[in-house]
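One-based numbering along the sequence shown. It should be emphasised that the depicted structure is a prediction, and the values quoted were computed from it without experimental measurement.
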Amino acid sequence: MATRTQNRSQNRSTNRTSANRSGGTNHSAFSWGDNAGPIIGAALAGAAVGLAANYGRKFLMQGMESMAGDWDEILAAEHDLALGIFDKMLATDPTQSFKRKMLLMKLTHALDKHAHQEEMVVYPALREANEAVDADTLEGEHGYIKTFIYELNEMGPEASNWLEKVREFRQLVSSHAHMEEEQVFPRFKQALDEDQNARITSLVNRDGFWMA
Ligand SMILES: [Fe+2]
Ligand SMILES: [Fe+2]
């Protein structure tokens with residue numbers, strides 16, 4: 001009785017034999033044919049240009065941010081950026097639904113990237129430094145920030161209480177940013193030595209680069 005291994009090798013040799021019968025070339029449905037070279041080359045070149053453009057954009061965005069200085073200064077600059085988007089949203093009226101949608105998308109991306117940098121680097125470092133209570137409070141607030149984004153998307157830009165919701169949302173982000181900038185981050189930074197500080201800055205920049 002043939003073993004399973006013997007059966008598998010028998011199947012492989014049967015397949016090779018049938019390929020040989022059809023002229024020795026494997027005309028698989030997935031074979032590219034003789035003229036595929038230039039097409040693949042062009043597709044790869046296109047993908048490379050796209051990738052390079054995307055990397056260029058990321059370098060530009062995160063490069064500009066890293067010039068802001070240390071991790072806490074980068075994050076404070078991002079708070080200002082988000083609050084600026086809120087102000088633009090609050091200056092709209094219900095006829096500007098497209099502008100409202102675009103600004104909400106921009107805000108979502110900015111807050112998402114920002115939260116990622118904090119949740120993947122800064123808050124874990126805080127927990128490591130026995131600041132878990134603050135880290136957990138702040139991370140919990142990020143959840144409510146996402147809830148506001150969900151609610152604004154659900155209600156749509158023409159809703160009569162859109163501005164009111166945005167105002168409430170801005171208030172949460174502003175007090176959250178205030179707690180980070182005025183209390184938690186300065187206290188934590190004071191306890192870091194130069195190398196630890198540089199390490200956190202580098203990790204925040206790296207995370208921001210991938211999220212940009
Ligand atoms: Fe935060
Ligand atoms: Fe923050």
>> Which residues pass the salt bridge (Lys or Arg N to Asp or Glu O under 4.0 Å) test with E141, not counting sequence neighbours?
In response: none
> Going by atom types alone, do H142 and H176 pair a side-chain donor with an acceptor below 3.5 Å?
Replying inline: yes
> How many angstroms lie between atom CZ of F185 and atom CG of D70, to the nearest 0.5 angstrom?
Replying inline: 12.5 Å
> Looking at residues at least two apart in the chain, or sitting in another chain, which of them share a salt bridge (Lys or Arg N to Asp or Glu O under 4.0 Å) with E168?
Replying inline: none
> Just wondering, more than 12 heavy atoms not from N130 lying within 6.0 Å of its CG?
Replying inline: no
>> Show, in sequence, the C-alpha distance, side-chain angles and deciding distance for H79 and H114, and conclude whether the side-chain hydrogen bond (donor to acceptor under 3.5 Å, both in side chains) test is met.
In response: CA-CA 8 Å; H79 291 157; H114 181 78; 2.9 Å; yes
> Other than Y150, what residues sit in its cluster of Ile, Leu, Val, Met, Phe, Trp and Tyr side chains whose heavy atoms are under 4.5 Å apart, directly or through others?
Replying inline: none
>> Is there a side-chain contact between D134 and R187 in this structure, where contact means two heavy atoms from C-beta onward sitting under 4.5 Å apart?
In response: yes
> Using 4.0 Å as the upper bound for N to carboxylate O, is an ion pair formed by E119 and K146?
Replying inline: yes
> Would a distance-only check, ignoring hydrogens and angles, find a side-chain to backbone donor-acceptor pair under 3.5 Å from T201 to N197?
Replying inline: yes
> What's the spacing between D112 CG and I145 CD1 if we round to 0.5 Å?
Replying inline: 11.0 Å
>> Quick check on the hydrophobic clustering: are M102 and L107 connected, directly or via other members, by side-chain heavy-atom contacts under 4.5 Å?
In response: no
What pairs of donor and acceptor atoms, side-chain ones from residues 151-163 against any protein atom, are under 3.5 angstrom apart with sequence neighbours left out?
{"unit_1": "E151", "atom_1": "OE1", "unit_2": "K165", "atom_2": "NZ", "d": "2.8"}
{"unit_1": "N153", "atom_1": "ND2", "unit_2": "I149", "atom_2": "O", "d": "3.2"}
{"unit_1": "E158", "atom_1": "OE2", "unit_2": "S97", "atom_2": "OG", "d": "3.1"}

>> Could you tell me if the side chain of W71 sits less than 4.5 Å from the side chain of K189, heavy atoms only?
In response: yes
> Among L104, L90, T92, whose side chain to side chain contact (heavy atoms under 4.5 Å, CB included) with V166 holds?
Replying inline: L90
> Has Q190 got more than 12 heavy atoms of other residues, nucleotides or ligands less than 6.0 Å from its CD?
Replying inline: no
>> So does A177 get a backbone contact from the side chain of E180, meaning a donor-acceptor N/O pair under 3.5 Å?
In response: no
>> Within this structure, what is the CD-CD distance for the pair E73 and E78, rounded to the nearest 0.5 Å?
In response: 12.5 Å
> Hey, any chance M105 and F98 share a hydrophobic cluster, counting ILVMFWY side chains that come within less than 4.5 Å of each other, even indirectly?
Replying inline: yes
>> With a sphere of 6.0 Å drawn around CE of M179, does it hold more than 12 non-hydrogen atoms of other residues, nucleotides or ligands?
In response: yes
> Going through the checks in order, is the side-chain contact (heavy atoms from CB on, under 4.5 Å) test met by F209 and N205?
Replying inline: CA-CA 6 Å; F209 175 79; N205 269 319; over 6 Å; no
> Which residues satisfy the side chain to side chain donor-acceptor pair (under 3.5 Å) test with T95, sequence neighbours excluded?
Replying inline: D93
> Listed by chain and number, what are the salt bridge (Lys or Arg N to Asp or Glu O under 4.0 Å) partners of E139, not counting sequence neighbours?
Replying inline: R127
>> What's the separation between atom CD1 in I85 and atom NZ in K106, rounded to the nearest 0.5 Å?
In response: 5.0 Å
>> Working to the nearest 0.5 angstrom, can you tell me the gap between L75 CG and D80 CG?
In response: 11.5 Å
> Run the side-chain contact (heavy atoms from CB on, under 4.5 Å) check on D87 and R170 step by step: do they pass?
Replying inline: CA-CA 9 Å; D87 292 337; R170 190 190 190 283; 2.9 Å; yes
>> Within the supplied structure, the quantity of interest is the number of heavy atoms (other residues, nucleotides, ligands) at a distance under 6.0 Å from K101 NZ; does it exceed 12?
In response: no
>> What's the separation between atom CG in L111 and atom CZ in F148, rounded to the nearest 0.5 Å?
In response: 12.0 Å
